[in-house]
Amino acid sequence: MSSFVVATAGHVDHGKSALVRALTGIEPDRWDEEKRRGLTIDLGFAWTTLPSGREVSFVDVPGHERFLGNMLAGLGPAPIVCFVVAADEGWMPQSSDHRDALAALGIERGLIVVTRADLAPDRVPAVIAQARRALTGTGLASAPALGVSALTGTGLDELRTALDAVLAEAPQGSPEDRVRLWIDRAFTVGGAGTVVTGTLTAGSVAAGDRLALCGRDLSGTVDVRGVHSRSTPIEQAEPTARIAVNLRGAQAGSVHRGDALLTPDAWWETDVVDVRGTSTGSGAGTGPGTVDLTGLAEHLTVHLGTAAVRARLRPFDARHGRLHLEHALPLAVGDRAVLRDPGSEAPLAGAELLDVDPPQLGRRGAGARRASALARMTADGDLLTEVRRRDAMADAHVRRLGITVPDPLPSGVRAVDDLFVADEALARWAAELGRAVAADSARDPLSAGLPLGAAQDLLALPDPRLLAVVADRAGLTRDVGRLRAPGQADGLGPAEAGIAALERRLRRDPFAAPEADDLTGWRLGARELAAAARLGRVLRLPDGVVLLPDAPARAMRVLAGLDQPFTASTARQALGTTRRVAIPLLEHLDSRGWTRRVDSGRREVVR
């Protein structure tokens, strides 16, 4: 049976902890001071099994305004909430704060629970109606609602049934997804070492796993020694669950609330994000309104997951801006944040992350242009926009950023192996490469083409594998480490007459390689001969020996008729040539495996 995590929310002293205690039989207040004062200060945890067999864990959050940061750490990772309002008091100031937090975090599922129904049973319907009005604009405005009494037990069975129905429709994270466990507690257990707890909303965690730790004081890899859930050791935790993880590799005191355990190399850790403001509080009697980022303080506290990080806000316009965080966090497109001015009583504001790898801003007017770009972006990420901005992106980087990859790919993006490439970039690169190859050919009609290394340097491609795709798009051919246009170097231009003269001579006497003076007379230098060799018109051997390409085969027919083995002198006489030609030719035959040395002075034909 699936497990779920539910957080409480509501004004201080409205009976959140008493409700959790009545449902689970577990005291969620962990601190002696909490029990003495009857006031929840930090997060509390309890669990139970519902009539359906579903397992549910509760995160009990403090309601007092002094502990708002702790409340946000409890709500941050929670997907479902029980919003508590006392029947005898109704909607109160911290009710609005908690509502604003839910709106900012995009928490849409849960129940409205009117507690202390035994003290004011006649007020339950009115308080439910009041809560629905105040929750207008959030998903909880239409949530199931009922009155209960933790003291007498009235309505608890109905609450369990209603909670079962809400959980039955709640989506579950996949065990195959990447892990991001926001840590809400970290402590040391004698004989076990460092233990952290959190709400696992996706992925799986098992003993023996190696995870990455993204922390304020310590980052690196840690090993999982063991996993507990509901105070019981388990083989593997899957979503959604409250879990405790015993770590090896993390020193006591170096891990804190707000740190995160991650699937290695699966998350983008950043301290700069571009956001869209989503909501802000608008008073006790109405739902949240739309935030104006230009009206917020420059220096804020940003709550993400269980983290509370100081940040500087740069608004681009009323809805969009950039946050510079005090330290890096593992973030993804679509994450939700709460913006709070800790020195002010201003309502909480919400923001959704649109870009966790934003571009640098420089020239005048860059902020306005960035606001325009962000206005077109969605919380799922826009693959086309992101790939166009970078020209190309690795699939792994796209997924680290949390950008959704649609199927089929949007027009304007194509996949090249594990890369996403913008068609606009391919066209630009192809045009630039085509111009470079044409310029190379115009500068040197006998050029073999542009070297691949020079082409890569010219285009500064983000991945060398793209060069082949760009060359194909430009209509270029690849040959012996070079790029050339079709037809380039297919002719010899002014060298044609000299090569033709050389060919006539060698057809008459195949092994009478021309001397340097002959080549000079025909106006054949190294470049001309290299071009002719590339076209298969001549064979160039060491020491300036130039023959026709069929010379090795002609030589083998002659050498095969000699007594074996034979000397170089014998071969020279049989071929009717000079030592200058015979030695390089014989060494060429050796290199091809057609002949081989028997000893220092003799060779034989390989049969």
Side-chain angles (χ1 to χ4, degrees), residues 1-8 24 28 43-50 54-61 72-81 105-107 109-110 167 170-187 189 192 194-215 221-248 250 255-267 304-307 329-332 334-336 399-400 402:
M1 182 64 69
S2 299
S3 61
F4 298 84
V5 175
V6 176
T8 62
T24 66
L43 303 179
F45 309 100
W47 53 88
T48 190
T49 301
L50 296 176
R54 291 185 181 88
E55 297 177 350
V56 58
S57 297
F58 291 93
V59 180
D60 187 34
V61 307
L72 291 169
L75 288 181
I80 302 168
V81 68
L105 294 169
I107 298 174
R109 296 179 180 273
L167 299 183
Q172 285 284 81
S174 169
E176 306 303 318
D177 287 347
R178 53 185 180 166
V179 170
R180 181 176 58 176
L181 181 74
W182 289 107
I183 295 170
D184 50 38
R185 292 181 65 205
F187 51 91
V189 175
T194 300
V195 176
V196 300
T197 68
T199 298
L200 182 66
T201 56
S204 62
V205 178
D209 285 351
R210 171 157 289 190
L211 298 174
L213 173 66
C214 178
T221 56
V222 293
D223 294 317
V224 177
R225 298 177 64 178
V227 183
H228 281 64
S229 183
R230 299 159 64 95
S231 293
T232 301
I234 58 176
E235 291 289 329
Q236 177 171 290
E238 297 184 353
T240 302
R242 287 288 310 168
I243 64 172
V245 186
N246 184 199
L247 301 178
R248 180 187 296 112
V255 185
H256 312 279
R257 175 178 291 173
D259 296 347
L261 290 176
L262 312 168
T263 300
D265 301 319
W267 289 89
L304 281 150
T306 60
L329 295 173
L331 303 176
D335 282 347
R336 300 294 287 263
R399 297 183 188 280
R400 274 197 296 269

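- For the pair Arg257/Ile183, no side-chain contact is recorded, criterion being any heavy-atom separation below 4.5 Å from C-beta on.
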Take Val227 and Asp209 through the test side chain to side chain contact (heavy atoms under 4.5 Å, CB included) and record every step on the way to the result.
CA-CA 10 Å; Val227 183; Asp209 285 351; over 6 Å; no
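- The structure places CG of Leu200 at 7.5 Å from OG1 of Thr240, a figure rounded to the nearest 0.5 Å.
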Asp60 and Phe45: side chain to side chain contact (heavy atoms under 4.5 Å, CB included), yes or no, with the steps?
CA-CA 6 Å; Asp60 187 34; Phe45 309 100; over 6 Å; no
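- Checking side-chain atoms of Arg54 against main-chain N and O of Leu167 turns up no donor-acceptor pair under 3.5 Å.
- Take His256 and apply the side chain to side chain donor-acceptor pair (under 3.5 Å) test, not counting sequence neighbours, and it matches Arg216, Asp217.
- Smallest separation of non-hydrogen atoms from Trp182 and Ala307: CZ3-CB, 4.1 Å.
- Remark: the backbone N or O of Ala46 is not paired with any side-chain donor or acceptor of Thr24 at under 3.5 angstrom.
- What you find for Ser204 and Glu238 is that their closest heavy atoms are CB-CG, 4.2 Å.
- For Leu105, the side chain to side chain contact (heavy atoms under 4.5 Å, CB included) partners are Leu75, Ile107, Val338, not counting sequence neighbours.
- For the atom pair Trp47 CH2 and Arg242 CZ, the distance stands at 9.5 Å (nearest 0.5 Å).
- Remark: Arg178 pairs with Thr263, Ala266, Trp267, Ala332 by the side chain to side chain contact (heavy atoms under 4.5 Å, CB included) rule, at least two apart or across chains.
- Residues Ala241 and Val5 come closest through the heavy atom pair C-CG2, 3.8 Å.
- Between Pro175 and Pro239 there is a side-chain heavy-atom pair separated by less than 4.5 Å.
- Atom CG in Leu211 sits 8.5 Å away from atom CG in Leu181 (nearest 0.5 Å).
- In terms of heavy-atom proximity, Pro264 sits nearest to Ala212 at CG-N, 4.0 Å.
- Under the salt bridge (charged side-chain N to carboxylate O under 4.0 Å, His left out) criterion, Asp259 pairs with no residue, sequence neighbours left out.
- If you take NE2 on His228 and OG1 on Thr197, they are separated by 13.0 Å, rounding to the nearest 0.5 Å.
- Residues Val255 and Ala250 approach most closely at CG2-CB, 3.8 Å, considering heavy atoms.
- In terms of the salt bridge (charged side-chain N to carboxylate O under 4.0 Å, His left out) criterion, Arg109 has no residue partners (sequence neighbours excluded).
- Residues that satisfy the side chain to side chain donor-acceptor pair (under 3.5 Å) test with Thr49, not counting sequence neighbours, are Arg230.
- Thr201 OG1 to Gln172 CD: the interatomic distance, rounded to the nearest 0.5 Å, is 10.0 Å.
- Residues satisfying the side chain to side chain contact (heavy atoms under 4.5 Å, CB included) test with Ala202, not counting sequence neighbours, are Asp177.
- For Thr306, the side chain to side chain donor-acceptor pair (under 3.5 Å) test picks out no residue, with sequence neighbours left out.
- Taken to the nearest 0.5 Å, the CD atom of Glu55 stands 9.5 Å off from the OG1 atom of Thr48.
- When side chains are defined from C-beta on, Asn246 does not count as touching Val189, because their heavy atoms never get closer than 4.5 Å.
- Residue Ile243 comes nearest to Ala237 through the heavy atom pair CG2-CB, 3.5 Å, listed as atom of the first residue, atom of the second, then distance.
- Counting heavy atoms from C-beta on, the side chains of Leu213 and Leu261 come closer than 4.5 Å.
- For Arg210, the salt bridge (charged side-chain N to carboxylate O under 4.0 Å, His left out) test picks out Asp223, with sequence neighbours left out.
- Looking at residues two or more places apart in sequence or on another chain, you find a side chain to side chain donor-acceptor pair (under 3.5 Å) between Arg399 and Asp395.
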